[in-house]
2 protein chains.
Amino acid sequence: MDIDTRLLETAERLFDHEGFNATGMGRLVRESGLSSRTVYKHVTGKNALMAKVLTERQRRFFAQLETQNTRALFASLRRWTEREGARGCLFFRVRAETGGQTPEIEAVVGAYHERLYALIMDLVARETGAADEVLADQILALFEGATAAATYRGTTVIEAAAACAEQLLARAAR
Amino acid sequence: MDIDTRLLETAERLFDHEGFNATGMGRLVRESGLSSRTVYKHVTGKNALMAKVLTERQRRFFAQLETQNTRALFASLRRWTEREGARGCLFFRVRAETGGQTPEIEAVVGAYHERLYALIMDLVARETGAADEVLADQILALFEGATAAATYRGTTVIEAAAACAEQLLARAAR
DNA sequence: CGATATGTAAAACGATCGTTTTACACCTGT
DNA sequence: ACAGGTGTAAAACGATCGTTTTACATATCG
């Protein structure tokens, strides 16, 4: 396998399951089967690696997100959460772990949030015929809240949030 | 001022604004105006201090939370967020920073989540006359989601979530 | 008065971290 | 055949962290 992807896959798995700070570069070197010299020749440092992991995670998440309608959106969130495990949004978690003080990481997190909100805004406009900011905020809250609450309530909370979002849109489209 | 409260207030401010890992014990000693010897005679260590901060935060949060109805619940969440700043739920953040590997901290976080869910369940039962788990999950998602999304969308998302929760309950009470 | 407790100031300890460096092996292309 | 790139293995570096310890001052109280 390609070195960059081997490194990236190991990093995403460890960062996600154990935490960014809890995963030292030593552990990463050991589990990726590479040497530290090679690792540091492929990425400038840990911060850059974290940013790369987040960028790849964003690509993979949006690639599987179905956006025809609200039902499909929350259904794919539920599938993602069941496949990956309910550990909360990785973008919030990295911000917590870095204290929001790492510019290259803040940039990726900001981009993710903008893209998520834009996607929901677009979905709302398509389903109701109008760009309703309040409605978009409500669905965004349900989306983020389902992700967060699923960590201790399980994935059923995602279905509950989905039903709520559908009611909202049905009422607005009427 | 009492030493324990001086220590606790400094710790909560720093942990909340800068992060748990980012705030070293050295910084805490300096800003509290105490000596490290005194600090370690009042708390067993950093983990115990973090747990204490979370317990106090939980007490303070629930003490100001109004629970007569959904409107009051979200109104007090908004006031809290505007007063304290929108940096996301501290209980999720500490879990991210510790990787969920510190038993004394997991205990406090778990207790907080149980208490929050029980509070919402009770509110739902009082407003609709029935213990509806799905409805409670929906309001919980709105609550957690508003807290999370407020970090990048501002406190207006809390008002949007509040309106949504009110609609849900009005429809269920009918 | 003298002992005990409790505080400060600051050095020191051991562990861990991210990163760099050294030493060496193995391909690859002209 | 040999120089240059790329890899491994492992030691080393400097910084920082949580925590403990030493040395000393002060106040309380039998």
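Here the structure is a predicted model, which means the values were calculated and not measured. Just so it is clear: chains get the letters A, B, ... in the order the sequence lines come, proteins before strands, and each one is counted from 1.
To the nearest angstrom, P of dA15(D) lies 20 Å from CZ of Arg27(B). Between the C1' atom of dG7(C) and the CG atom of Leu7(B) lies a distance of 14 Å, rounded to the nearest Å. Note: CZ (Arg30(A)) to P (dT8(D)) measures 15 Å, nearest angstrom. The CG atom of Asn21(A) sits 10 Å away from the C1' atom of dC17(C) (whole-angstrom rounding). In this structure, Leu28(B) atom CG and dT19(D) atom P are separated by 11 Å, rounded to whole Å. With rounding to whole Å, Ile3(A) atom CD1 is found 17 Å from dG5(D) atom P. Look at CG on Leu49(A): it is 16 Å from P on dC17(C), rounded to the nearest Å. Nucleotide dT6(D) holds its P atom 15 Å from the CG atom of Leu34(A), rounded to whole Å.
Using a 4.0 Å cut-off between charged side-chain N and carboxylate O, Glu104(A) and Lys52(A) make no salt bridge.
Among the duplex regions that DNA chain C forms, those built from at least three successive Watson-Crick or G-U pairs under 3.5 Å are C:1-30 with D:1-30, ordered by first number.
Counting non-hydrogen atoms of other residues, nucleotides and ligands closer than 6.0 Å to CZ of Arg71(A) gives a total of 12 or fewer. Heavy atoms from other residues, nucleotides or ligands lying under 6.0 Å from CZ of Arg126(A) number more than 12.
Taking 4.0 angstrom as the limit, Ser35(B) places none of its side-chain polar atoms (N or O) nearer than this to OP1 or OP2 of dG7(C). Close to dG7(C), at under 4.0 Å from its OP1 or OP2, lies no side-chain N or O of Thr38(B).
Within the cation-pi definition used here (under 6.0 Å to the ring centroid, within 45° of the axis), Arg93(A) does not qualify as a partner of Phe20(A). Relative to the six-membered ring of Phe62(A), Arg115(A) meets both conditions, a distance below 6.0 Å and an angle of at most 45° to the axis.
For the pair Lys46(B) and Lys41(A), nearest-nucleotide mapping onto DNA chain D gives the more 5' position to Lys41(A).
Atom-to-atom distance recorded for Phe143(B):CZ and Cys89(B):SG is 9.0 Å, nearest 0.5 angstrom.
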For a side chain to side chain donor-acceptor pair (under 3.5 Å) check, start with the C-alpha distance between Glu31(A) and Thr10(A), then their side-chain angles and the critical distance, and finish with the verdict. CA-CA 7 Å; Glu31(A) 296 220 15; Thr10(A) 313; over 6 Å; no
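Taking all atoms of both residues into account, the shortest heavy-atom contact from Asp132(B) to Met121(B) is O-SD, 4.0 Å.
When each of His113(A), Glu144(A), Glu114(A) is checked for a side-chain hydrogen bond (donor to acceptor under 3.5 Å, both in side chains) with Tyr152(B), only Glu144(A) meets the rule.
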Please tabulate, one pair per line, each protein N/O and nucleotide N/O from nucleotides 20-27 of chain D that are separated by under 3.5 Å, including the distance.
{"residue": "dT20(D)", "atom": "O4", "partner": "Ser36(B)", "partner atom": "OG", "Å": "3.0"}
{"residue": "dT22(D)", "atom": "O4", "partner": "Arg37(B)", "partner atom": "NE", "Å": "3.3"}

